[in-house]
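First the structure, in the form of structure tokens, and then the observations on it.
Because only heavy atoms are used, hydrogens play no part in the values below, and waters and symmetry mates are left out as well, while side chains stay in. The model shown is predicted, which means the values in this text are computed figures rather than measured ones.
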Amino acid sequence: MAQGATRLAAALIYNPGAGSAAGNDNLLDDVRDLLREAEIDAELHEAEDEKAIAAATAHAREQGLELVIACGGDGTLEGVANRLVNTPVTLGILPAGTRNNVAAGLNIPTDLRAAVALLRSGRRQAIDMVQTRRGKEERWFLELFTAG
């Protein structure tokens, strides 16, 4: 990072139960160190379930943050993305799941140092999502949706 670059405020929604995060006590410390090195000040929210992910994402939006970083697997990413769709907030992705299909499809490296570097140097782009409705329930999908 160039000296004198502006620090970036963000929210980090971290799922400690996601694939490579589960049982890895050092992963969160590593992620936080990498974000600090990249001059990203990320407010941490640990969230393992849909309700906690929704609350953390809502809090980040209320704070007016322009970047919300999801660190977990495909389910975590989809949970955060569902709350950011049609907003000006950027979804940052740090893959820490078992398969990381969404990150692979978006060419985001699984190496966390490289993924964090993209948060500072990458370009912002729209992501296609599929919307479904059943009654009053609405859901967006990033990766896979089937109906029969």
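- Residue pairs meeting the ring pair (Phe, Tyr, Trp, His ring centres under 6.0 Å) criterion with at least one member in residues 51-102, sequence neighbours excluded: His45-His59.
- In this structure, the side chain of Asp29 does not engage the main chain of Asn26 through any donor-acceptor pair within 3.5 Å.
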**OP:** Go through the steps for Ile13 and Cys71 under the test side-chain contact (heavy atoms from CB on, under 4.5 Å), then give the verdict.
**Re:** CA-CA 6 Å; Ile13 300 176; Cys71 182; over 6 Å; no
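- Linking Ile, Leu, Val, Met, Phe, Trp and Tyr residues whenever their side-chain heavy atoms come within less than 4.5 Å leaves Val31 and Leu65 in two separate clusters.
- Here CG of Leu77 is found 9.0 Å from CD1 of Ile53. Values are rounded to the nearest 0.5 Å.
- Side-chain contact check for Thr90 versus Leu84: every heavy-atom pair is 4.5 Å or farther apart.
- Not counting sequence neighbours, Glu62 has no partner by the side chain to side chain donor-acceptor pair (under 3.5 Å) test.
- Taking 4.5 Å as the limit, some side-chain heavy atom of Arg120 sits within range of a side-chain heavy atom of Ile40.
- Not counting sequence neighbours, Thr57 has no partner by the side chain to side chain donor-acceptor pair (under 3.5 Å) test.
- For the atom pair CD (Glu50) and CG (Asn82), the distance works out to 6.5 Å, reported to the nearest 0.5 Å.
- Looking at heavy atoms from C-beta onward, Leu44 lies in side-chain contact with Tyr14 at the 4.5 angstrom threshold.
- Closest approach of Ala103 to Ile93, counting heavy atoms only: CB-CG2, 4.3 Å.
- Formation of a donor-acceptor pair under 3.5 Å by the Asp41 side chain with backbone atoms of Ala9 is not found in this model.
- No side-chain heavy atom of Thr132 sits less than 4.5 Å from a side-chain heavy atom of Glu138.
- Residues Leu91 and Val80 meet the side-chain proximity criterion, which asks for heavy atoms closer than 4.5 Å.
- Annotation: Glu66, atom CD; neighbour count of heavy atoms from other residues, nucleotides and ligands within 6.0 Å does not exceed 12.
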Which pairs of donor and acceptor atoms, one on a side chain in residues 106-115, lie under 3.5 Å apart (sequence neighbours left out)?
unit_1: Asp111; atom_1: OD2; unit_2: Arg113; atom_2: N; d: 3.4
unit_1: Asp111; atom_1: OD2; unit_2: Ala114; atom_2: N; d: 2.8
unit_1: Arg113; atom_1: NH1; unit_2: Glu37; atom_2: OE1; d: 2.9

**OP:** Apply the test side-chain contact (heavy atoms from CB on, under 4.5 Å) to residues Leu28 and Leu12: give CA-CA distance (whole Å), side-chain angles for both, the deciding distance (0.1 Å), then the verdict.
**Re:** CA-CA 10 Å; Leu28 179 56; Leu12 170 63; 4.2 Å; yes
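- A salt bridge links Arg139 to Glu78: at least one charged side-chain nitrogen sits closer than 4.0 Å to a carboxylate oxygen.
- Considering every non-hydrogen atom in both Gly73 and Asn100, the closest pair reads CA-OD1, 4.4 Å.
- With hydrogens and angles disregarded, a donor-acceptor distance shorter than 3.5 Å links the side chain of Asp74 to the backbone of Asn101.
- The shortest distance between side-chain heavy atoms of Ile69 and Leu119 falls below 4.5 Å.
- Here the side chains of Glu46 and Glu48 are not in contact, with every heavy-atom distance at 4.5 Å or above.
- Rounding to the nearest 0.5 Å places CG of Asn86 at 5.0 Å from CH2 of Trp140.
- For Asp33, the side chain to side chain donor-acceptor pair (under 3.5 Å) partners two or more places apart in sequence, or in a different chain, are Arg36.
- A pairwise comparison of heavy atoms in Pro88 and Arg124 identifies O-NH2, 2.6 Å as the closest pair.
- Screening residues 94-103 for salt bridge (charged side-chain N to carboxylate O under 4.0 Å, His left out) gives no qualifying pairs among residues at least two apart or on separate chains.
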